[in-house]
Amino acid sequence: MGTLLWWAPILVVVGLLVNGVRLRGRLRRLDTLPASGRPVDPDHLFVCAVGVQLTEAARRSASYHASRERLDVLDLVPADLTIERALDVARMVDTRTYRNDRLAPGRGAFQALLVRAEVAHRAGVEAREDYTPVELVEITERLKRHAPASTDLAVLPGLGAARDDGATRVRVQRRSWSVIKPINMYLPTLRDVATGIGVHLNRPWGLAATALFWCQPFFVCAGRVPVAPRDLIRSPIVRITAGLEYTVSTVRAWRKAQRSAAEAKAAGLPPDPVKAQAKAQATARRERYQRAFAAGPETFLADRRPDCPWCGSFELVVRLASRDLELRKPGRFQLDECLVCGHVFQNPRLTPVGRVLYERDRKDGLNEKRAQAAVVAGAARLRARAELMRPYVLPRAWLDVGTGIGSFCNVARSVWPRTAFDGVGPAETIGEARRRGWVDRAYPASFADIADSITGGYDVISMFGYLERSRDPSEDLDAAAKALGPGGYLVMELANPAALGARLLGRLWRGWGVPGVRQLIPVENLVAALADRGMRTVLIQFGEAHEPGDLLAAVGLATQALAPSPTLPWLLGSPSSPVRWLAHVVVLTAAAAPAILAGLAGAVLVPLLRKGERSNTYRVIARLDA
């Protein structure tokens, strides 16, 4: 341990040097907007934080640049940002890829934005100049989602930044990192602890780390960089005291809220209208779930079937019995396996009402932000799916079945920019995909219902993670055969029931997807079903389709099973129970080390899992012959 701590300041020095070069490069790539005499485009709106000084000349300059670059959203970076804000811009935005990265979260200086009126309308953003920087984080994220490939940022000379303080900076950082990369909130603390240890155990390197920390802002921001922070000299002190300012500000805000609450209570009003509304919503959600499960979760299960839905065999065995480990909603669910064809299916199945109940708050509502973060983290996988068709066809029109909010279609446009991407799905999600512009045409219907009307209209139809959750996969394959014209391709990705993780991790394997997954289809069954419908399989892919992270996910599922969050509205008992909160905190703390080991072990085992048919997913491409 002593040796490891001795190395800590050396690692800090290396990290500061490497990170300093990275941040400086990002700032240097920022465009500086030239002056313009052209009038502001009437289609351009401006959204600003309170205290920002946006002159008419600055508006003209921003409008001219946005029109010339065909931008729908332009984040305006003041040249006189405070040092921490300038460094945050570099930390949050990869200026090389930001505009073209269709899934990059919206980030910037959170001072002022130029927005095209149509995009502002679709995103539900009102043109005001009194937003807080924290509110602008949410607005920037929303605008980037609605203009994924036409959003950029640039330095605007003459734009006066709002007055800033350490408390505001910390709040902006917490809002920016808490979901996407929560570890970034703790890295500065780890750096400071390692530096402090180094000063005592390895004095030369500890002092070097301290000096480098003090000088890093000069290196990052001085010279040929378009931003010139006004507090460069006192920047180290500002960075160190930000946490203290945040703490003091929080205490003052709490005291003020207490006084306001007492005054409101004396007047017979809610102590805090915002908190009262949030509490009322949480109470209503809890009551709704409690009523739904009052008669027992068994009411949401259909009758058990005695035969296999794939081949009709009566030779069934129980493959898995498990609760909902991900969300801990009530109920126990069973997956049966057919001994004749190997088909694995939920038995008994959830009723249609049960599916709605158990899928609610999984990727929306309570878990919407977490689901969005997962999509961002999986961007490379979405691009790989789009690349699958490169050897076979140059698609003119592509239909994604079960597209959700259109994340795949959004990313696939960067691979196939001239392809029209349409989607099929429930009205709520497919409607959001259309509002964002992630799909060109939205079909709020079941795939089987529209198959006849779109025959021959698509070169490629994709089903990624769809057949496992389909009500009737045979019906969907029939629909695909109808919808595809001769020479068209069907591309699918499914969980692999023969995966090594499925055998070794038991109910902690995430591929089971209990209770949302209805069936797991062995690859041999799928290929035979395609052949029966006149579709010739041209690719079966296992290794490249593997999705790393089974071990880490298993630790997460085990943690949730042992001590779920007390705030989950479907759990019995009081959400404020000290015992439940203590158990939750203890289990989360204890799971930290296993999670780290699981992540490392999973990375080491990836080559093994990509050999043969051990991967947790597989892909199939089939062609409909004439």
With a 4.5 Å cut-off on side-chain heavy atoms, are [Y] and [X] touching?
X      : Y      : result
Arg107 : Ser176 : yes
Arg360 : Val356 : yes
Val89  : Arg85  : no
Gln560 : Arg328 : yes
Cys409 : Asp400 : yes
Arg469 : Arg355 : yes
Gln346 : Arg349 : yes
Arg145 : Thr140 : no

Nearest atoms (heavy-atom pairs only) where [X] meets [Y]:
X      : Y      : result
Leu153 : Gly108 : CD1-CA, 4.2 Å
Pro297 : Pro330 : CB-O, 3.8 Å
Gly599 : Leu552 : N-CD1, 4.4 Å
Val555 : Ala591 : CG1-O, 4.2 Å
Arg332 : Ala321 : NH2-O, 3.9 Å
Val411 : Ala379 : CG1-O, 4.0 Å

Hey, is [X] close enough to [Y] for a salt bridge, meaning N to O under 4.0 Å?
X      : Y      : answer
Arg619 : Glu544 : no
Glu387 : Arg383 : no
Arg362 : Glu326 : yes
Lys369 : Asp364 : no
Asp550 : Arg510 : yes
Lys144 : Glu141 : no
Glu547 : Arg381 : yes
Glu493 : Arg385 : yes

Inter-residue atom distance [X].[atom1] - [Y].[atom2], 0.5 Å rounding:
X      : Y      : atom1 : atom2 : value
Met463 : Leu494 : CE    : CG    : 9.5 Å
Arg102 : Thr151 : CZ    : OG1   : 10.0 Å
Leu320 : Leu335 : CG    : CG    : 5.0 Å
Tyr618 : Ile521 : OH    : CD1   : 6.0 Å
Arg614 : Leu504 : CZ    : CG    : 10.0 Å
Arg91  : Leu27  : CZ    : CG    : 10.5 Å

Can you tell me if [X] uses its side chain to pair, donor with acceptor, with the backbone of [Y] under 3.5 Å?
X      : Y      : value
Glu432 : Gly404 : no
Arg503 : Ala498 : yes
His546 : Asn616 : yes
Arg413 : Trp438 : yes
Glu468 : Ala495 : yes
Asp324 : Leu327 : yes
Gln290 : Pro569 : yes

Given side-chain hydrogen bond (donor to acceptor under 3.5 Å, both in side chains), test Thr617 with Ser615 step by step and report yes or no. CA-CA 6 Å; Thr617 56; Ser615 61; 5.3 Å; no
Start with the C-alpha distance between Arg436 and Ile405, add both sets of side-chain angles, then the distance that settles side-chain contact (heavy atoms from CB on, under 4.5 Å), and finish with yes or no. CA-CA 9 Å; Arg436 294 183 181 185; Ile405 59 172; 3.4 Å; yes
Apply side-chain contact (heavy atoms from CB on, under 4.5 Å) to residues Leu339 and Leu316 and explain how you reach the verdict. CA-CA 6 Å; Leu339 294 177; Leu316 307 178; over 6 Å; no
Check whether Tyr289 forms a cation-pi arrangement with Lys329 (NZ or CZ under 6.0 Å from the six-membered ring centre, at most 45° off the ring normal). no
Intermediate values then yes/no, side-chain contact (heavy atoms from CB on, under 4.5 Å), Val172 and Asp88: CA-CA 10 Å; Val172 168; Asp88 275 345; 5.5 Å; no
Begin with the C-alpha distance, continue with both residues' side-chain angles, and end with the deciding distance and a verdict on side-chain hydrogen bond (donor to acceptor under 3.5 Å, both in side chains) for Asn496 and Glu613. CA-CA 8 Å; Asn496 178 20; Glu613 299 182 2; 6.0 Å; no
Listed by chain and number, what are the ring pair (Phe, Tyr, Trp, His ring centres under 6.0 Å) partners of Tyr466, not counting sequence neighbours?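 Per chain and number, Tyr466 pairs via ring pair (Phe, Tyr, Trp, His ring centres under 6.0 Å) with no residue.
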Could you walk me through whether Gln281 and Arg286 satisfy the side-chain hydrogen bond (donor to acceptor under 3.5 Å, both in side chains) test, starting with their C-alpha distance in whole Å, then the side-chain angles of each, then the deciding distance to 0.1 Å, before giving a yes or no? CA-CA 9 Å; Gln281 291 174 347; Arg286 177 172 292 276; over 6 Å; no
Parallel, tilted or perpendicular: ring planes of Trp581 versus His584, cut at 30 and 60 degrees: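 Plane angle over 60°, so perpendicular.
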Going through the checks in order, is the side-chain contact (heavy atoms from CB on, under 4.5 Å) test met by Trp512 and Arg319? CA-CA 10 Å; Trp512 298 123; Arg319 177 69 184 268; 3.7 Å; yes
From CA spacing to verdict: ring-ring contact (aromatic ring centres under 6.0 Å, His included), Tyr358, Phe293: CA-CA 11 Å; Tyr358 279 91; Phe293 289 115; 5.7 Å; yes
